[in-house]
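Quick note on labels: first sequence line is chain A, next is B, and so on, each numbered from 1. Just so it is clear, the structure is predicted and the values come from calculations on it, not from any experiment. Atoms considered below: every heavy atom in the structure, side chains included; atoms not considered: hydrogens, waters and symmetry mates.
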There are 2 protein chains.
Amino acid sequence: MNIGNAAEASGLPAKTIRYYEEIGLIRPRRDANGYRAFGRRDVHKLAFLARARALGFSIEECRALIGLYEDEKRASEDVKALTREHLKRIDTRIAELQGLRETLAQLVAACAGDHRPDCPILADLARDSAITDMGEVSR
Amino acid sequence: MNIGNAAEASGLPAKTIRYYEEIGLIRPRRDANGYRAFGRRDVHKLAFLARARALGFSIEECRALIGLYEDEKRASEDVKALTREHLKRIDTRIAELQGLRETLAQLVAACAGDHRPDCPILADLARDSAITDMGEVSR
DNA sequence: CTTGACCTTCCATCTGCTGGAAGGAGCATA
DNA sequence: TATGCTCCTTCCAGCAGATGGAAGGTCAAG
């Protein structure tokens, strides 16, 4: 199976598959003409990667997951721990974004949004809470 | 004010400030020795950028926001529209992450997390829904 | 005069691809 | 056999948004 078919079968773009080979996630064999030759296991692995990436796992996490997947002696404990870590990061990220969302929604609500220049949004961005007045001559 | 003080006053790392100059967000003057010289307005602008970035606006959005901020004839409408767009993107992102979160939480819950190799998480990643069996000989 | 804390520029690196150029391989058709 | 067309190859560049480090200039204190 050439890369085009492997791409179609796995759902990953050919470019991405080449990239995954480059960083050592997969190691397809080569035909005499230099073309990559993907077997069923390769395609399966690519689909595994596609799914893991879609769930937000990083490339390095994917590498670890594939390692665990291929290790018959793995402990599900390890997979769970990795996934829990990832979940925690997502929760953190969601909380951050919800904080931003809150603030932005308030600003949008406060802004008249008309032809006049007065704008609570800009006022908020320009508030100098962060600026320590050093008493310096500004020039 | 040198870059170190400007960094402290604005809350941005010196490296970031240099980068912002490189991409044309700020244009501090230079002293005779080549050192950047930041005035009050520069520092204010940096703090504005820091706040806008912290709210998740992209660099290009920040550029637009600064443009609006410095335009006395701006319409608050434009600021509001920009912010609303940003808010929409954040909502989309939150929704995506919540989808992932849901799936991951289910997987974590389903996994025993013990010394045994059986793992619903790996099973999920390896499900071949995405793989079309092309009926091909795999090599 | 030396030390140390600054400052400068330039180049490389990170994540995870993606786009494009230049050229080879394979197959169908004229 | 020549031509076309699609696929494949490698290599290089670029996206966002910084960040790290090397090599070297500047400045004030002791």
Side-chain angles (χ1 to χ4, degrees), chain A residues 1-38 42-43 45-46 48-66 85-86 89-90 93 96-97 100 134 136, chain B residues 1-38 42-43 46 48-66 86 89-90 93 96-97 100 134 136:
Chain A
M1 201 190 255
N2 284 346
I3 200 169
N5 293 323
E8 208 185 341
S10 68
L12 288 171
K15 276 278 188 190
T16 301
I17 296 177
R18 290 196 193 95
Y19 173 67
Y20 285 175
E21 183 186 19
E22 190 186 320
I23 62 174
L25 281 181
I26 48 162
R27 229 174 252 284
R29 158 188 94 76
R30 298 288 180 136
D31 280 339
N33 57 12
Y35 287 18
R36 288 168 185 84
F38 296 84
D42 294 314
V43 172
K45 212 156 153 181
L46 287 171
F48 182 104
L49 287 167
R51 171 88 178 130
R53 291 290 298 134
L55 284 177
F57 286 101
S58 74
I59 290 288
E60 287 318 306
E61 284 166 337
C62 288
R63 205 187 291 278
L65 284 169
I66 291 223
E85 271 308 295
H86 178 41
R89 276 207 330 270
I90 287 188
R93 186 74 187 124
E96 283 170 11
L97 288 176
L100 297 190
M134 324 287 274
E136 196 199 340
Chain B
M1 200 190 255
N2 284 347
I3 200 169
N5 293 323
E8 207 184 345
S10 67
L12 288 172
K15 276 276 186 190
T16 301
I17 296 176
R18 290 196 193 95
Y19 172 66
Y20 285 174
E21 183 188 20
E22 191 187 318
I23 62 173
L25 281 181
I26 50 161
R27 229 172 251 286
R29 233 173 29 88
R30 297 288 181 133
D31 281 339
N33 57 12
Y35 286 18
R36 288 168 185 83
F38 296 83
D42 293 314
V43 172
L46 287 172
F48 182 104
L49 287 168
R51 171 86 178 132
R53 290 290 296 133
L55 284 176
F57 287 102
S58 73
I59 291 287
E60 287 318 306
E61 284 167 337
C62 288
R63 205 187 291 278
L65 284 170
I66 290 223
H86 178 41
R89 275 208 329 272
I90 287 187
R93 186 76 186 122
E96 283 169 11
L97 288 176
L100 298 189
M134 324 286 274
E136 197 195 341

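- Between the CD atom of A:Glu22 and the P atom of D:dT10 there is a distance of 10 Å, given to the nearest Å.
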What's the verdict on side-chain contact (heavy atoms from CB on, under 4.5 Å) for A:Asn5 and A:Phe38, showing C-alpha distance, side-chain angles and the deciding distance?
CA-CA 9 Å; A:Asn5 293 323; A:Phe38 296 84; over 6 Å; no
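- At whole-Å resolution of the value, CG in B:Leu49 and P in D:dG17 are 12 Å apart.
- Between the CG atom of B:Leu25 and the P atom of D:dG17 there is a distance of 10 Å, given to the nearest Å.
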Let's go through A:Ile26 and A:Leu49 carefully: what are the C-alpha distance in whole Å and the side-chain angles of both, what is the deciding distance for side-chain contact (heavy atoms from CB on, under 4.5 Å) to 0.1 Å, and is it a yes or a no?
CA-CA 10 Å; A:Ile26 48 162; A:Leu49 287 167; 4.2 Å; yes
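- OP1 or OP2 of C:dT9 has at least one side-chain nitrogen or oxygen of B:Arg30 nearer than 4.0 Å.
- Across all strands shown, A:Ile3 has heavy atoms under 4.0 Å from sugar-phosphate atoms exclusively, and none from any base.
- At a cut-off of 3.5 angstrom, the base of C:dG26 holds no donor-acceptor pair with the side chain of A:Tyr35.
- For A:Tyr20, the side-chain atoms get nearest to C:dC17 when compared with the rest of D:dG17, C:dC17, D:dT9.
- Proximity of a side-chain donor or acceptor of B:His86 to a complementary backbone N or O of B:Glu61 within less than 3.5 Å is not detected.
- Residues B:Ala32 and B:Glu60 each lie close to DNA chain D; by heavy-atom proximity, the contact nearer the 5' end of the strand is made by B:Glu60.
- Across all strands shown, A:Arg18 has heavy atoms under 4.0 Å from base atoms, whether or not it also approaches the sugar-phosphate.
- Residues meeting the ring-ring contact (aromatic ring centres under 6.0 Å, His included) test with B:Tyr35, sequence neighbours left out: none.
- Within 6.0 Å of CZ on A:Arg30 lie more than 12 heavy atoms contributed by other residues, nucleotides or ligands.
- Rounded to an integer number of Å, the gap from CD1 of A:Ile26 to C1' of C:dC17 is 14 Å.
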Atom pairs under 3.5 Å: protein N/O with N/O of nucleotides 22-24 of chain D:
none

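- In this entry the distance linking CD of A:Glu21 with P of C:dC17 reads 15 Å, nearest Å.
- B:Tyr19 has its OH atom 15 Å from the C1' atom of C:dC11, to the nearest Å.
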Please evaluate residues B:Arg63 and B:Glu60 with respect to the criterion side-chain contact (heavy atoms from CB on, under 4.5 Å), reporting the C-alpha separation (whole Å), side-chain torsions for both, the decisive distance (0.1 Å), and the verdict.
CA-CA 5 Å; B:Arg63 205 187 291 278; B:Glu60 287 318 306; 2.9 Å; yes
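- Residue A:Thr16 places its side chain closer to C:dT18 than to any other of C:dT18, C:dG16, D:dG17.
- Distances shorter than 4.0 Å separate none of the side-chain N or O atoms of B:Arg36 from OP1 or OP2 on C:dC7.
- The separation between A:Ile17 atom CD1 and D:dC8 atom C1' is 13 Å, rounded to whole Å.
- Atom CG in B:Asn33 sits roughly 5 Å away from atom P in D:dC27 (whole-Å rounding).
- Between A:Tyr19 and A:Leu25 the shortest side-chain heavy-atom distance does not fall below 4.5 Å.
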